[in-house]
Amino acid sequence: LSLERQMRSEQRQHTSDVLAIDAFSGDAIPVHLLTRECFALYRLALKPDGILAVHVSNRYVDIKPVVRGAAAEFGWQVLEIEKGGNTAARAIANTWLLVTSNSAFLEKARAYALTDPDTKSIIWTDAFSSLLPLLK
């Protein structure tokens, strides 16, 4: 809601280099942050070469297809970056999807990306979303 209020001012639009969305590791998925409408808001906030970083680590739900679907709708590319977990500390792997149309960034970051990412995509909107196809 804060971002939506900020974007009402044209002077604040397209001013962010990076937006990091880190709200999906818990038991409750804030679906409204992954809809087509919300991605339109992210696009309005980001500079044309900006980067949307979405933390998608979750033990129960695979939200990567939703991020990929919304990114595709806006002509963005997606890189999947994963940092392995620590078995001794019972930490799960940390996975981020980097969403952007910045080709220079994509070229440099590709060295750190997973080489065979999942390409399934799903679109959520403010009117419809379902967690059922995403349950692990």
Side-chain angles (χ1 to χ4, degrees):
L1 292 174
S2 296
L3 184 61
E4 187 175 30
R5 279 192 294 272
Q6 289 177 10
M7 292 305 104
R8 290 182 189 144
S9 166
E10 287 187 29
Q11 294 172 328
R12 292 186 172 184
Q13 294 176 6
H14 306 293
T15 57
S16 297
D17 292 310
V18 176
L19 284 177
I21 312 300
D22 184 8
F24 308 109
S25 59
D27 292 343
I29 301 295
V31 170
H32 65 285
L33 297 178
L34 294 171
T35 63
R36 173 190 294 142
E37 294 82 359
C38 199
F39 269 69
L41 186 62
Y42 299 150
R43 183 172 154 190
L44 195 58
L46 286 167
K47 292 180 179 178
D49 62 347
I51 300 158
L52 176 64
V54 185
H55 184 212
V56 296
S57 303
N58 189 287
R59 291 182 191 261
Y60 311 107
V61 180
D62 179 14
I63 62 172
K64 292 183 278 187
V66 180
V67 175
R68 290 185 189 290
E73 287 232 337
F74 291 98
W76 288 332
Q77 293 185 53
V78 178
L79 287 180
E80 185 173 336
I81 309 293
E82 183 174 284
K83 172 72 172 105
N86 181 334
T87 308
R90 298 179 53 187
I92 63 171
N94 199 357
T95 305
W96 288 81
L97 295 185
L98 304 180
V99 180
T100 187
S101 60
N102 183 334
S103 54
F105 171 80
L106 288 166
E107 192 60 37
K108 290 177 184 174
R110 221 172 283 289
Y112 303 99
L114 293 179
T115 55
D116 192 21
D118 183 16
T119 58
K120 182 172 70 170
S121 66
I122 294 173
I123 302 295
W124 281 354
T125 67
D126 284 347
F128 177 79
S129 61
S130 175
L131 289 172
L132 289 177
L134 304 176
L135 294 176
K136 292 181 179 178

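What you see below is based on every heavy atom in this structure, not just the backbone, and it leaves out hydrogens, waters and symmetry mates.
The two residues Lys47 and Thr15 make their nearest non-hydrogen contact at CE-O, 3.5 Å. The two residues Ala71 and Val78 come nearest to each other via the heavy atoms CB-CG2, 3.5 Å. The minimum heavy-atom distance linking Leu34 with Val66 is given by the pair O-CG1, 3.5 Å. A pairwise comparison of heavy atoms in Ser57 and Thr95 identifies OG-N, 2.6 Å as the closest pair. Here the closest heavy-atom approach between residue Ser101 and residue Pro48 is recorded as OG-O, 3.3 Å. Here the shortest heavy-atom pairing between Ala28 and Pro30 reads O-CD, 3.4 Å.
Between the OG1 atom in Thr125 and the CD atom in Glu37 there is a gap of 5.5 Å [rounded to 0.5 Å]. To the nearest 0.5 Å, the span separating CE on Met7 from CZ on Arg43 amounts to 14.0 Å. Considering CG of Asp49 and CG of Leu106, their distance stands at 11.0 Å, rounded to 0.5 Å. We find the OG-CZ distance between Ser9 and Arg5 to be 13.5 Å, quoted to the nearest 0.5 Å. Here Gln77 contributes atom CD and Asn102 contributes atom CG; the two are 10.0 Å apart, rounded to the nearest 0.5 Å. Here the straight-line distance linking atom CD of Gln11 with atom CD of Gln6 works out to 13.0 Å at 0.5 Å rounding.
Side-chain atoms of His14 come within 3.5 Å of backbone atoms of Leu46 as a donor-acceptor pair (strictly under, hydrogens ignored). Under a 3.5 Å cut-off, the side chain of Asn58 and the backbone N or O of Phe24 do form a donor-acceptor pair.
Note on Leu132 and Val61: same hydrophobic cluster, where clusters join Ile, Leu, Val, Met, Phe, Trp and Tyr whose side-chain heavy atoms are under 4.5 Å apart, directly or indirectly. Residues Leu33 and Val31 share a single hydrophobic cluster, defined by chaining ILVMFWY side chains whose heavy atoms lie under 4.5 Å apart. A single hydrophobic cluster is not seen to contain both Tyr42 and Phe105; linkage of ILVMFWY side chains at heavy-atom distances under 4.5 Å, directly or through other members, places them apart. Leu131 and Ile21 fall within a single hydrophobic cluster, where Ile, Leu, Val, Met, Phe, Trp and Tyr are joined by side-chain heavy atoms under 4.5 Å apart, directly or via other members. Under a hydrophobic clustering in which Ile, Leu, Val, Met, Phe, Trp and Tyr are joined whenever their side-chain heavy atoms come within less than 4.5 Å, directly or via other members, Leu134 and Tyr60 fall into the same cluster.
Residue Lys108 places its NZ atom among 12 or fewer non-hydrogen atoms of other residues, nucleotides or ligands, all under 6.0 Å distant. For Tyr112, the OH atom counts as loosely surrounded, since its 6.0 Å shell holds 12 or fewer non-hydrogen atoms of other residues, nucleotides or ligands.
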Item to check | Audit row: Glu80, Arg68, salt bridge (Lys or Arg N to Asp or Glu O under 4.0 Å) steps and yes/no | outcome: CA-CA 10 Å; Glu80 185 173 336; Arg68 290 185 189 290; 3.0 Å; yes
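In this structure, Asp22 and Trp96 have side chains that are in contact, with non-hydrogen atoms separated by less than 4.5 Å.
In this structure, Trp76 and Phe39 have tilted ring planes: the angle between them lies in the 30° to 60° band.
Each of Cys38, Ser129, Pro65 was compared with Trp124 under the side chain to side chain contact (heavy atoms under 4.5 Å, CB included) criterion, and only Ser129 meets it.
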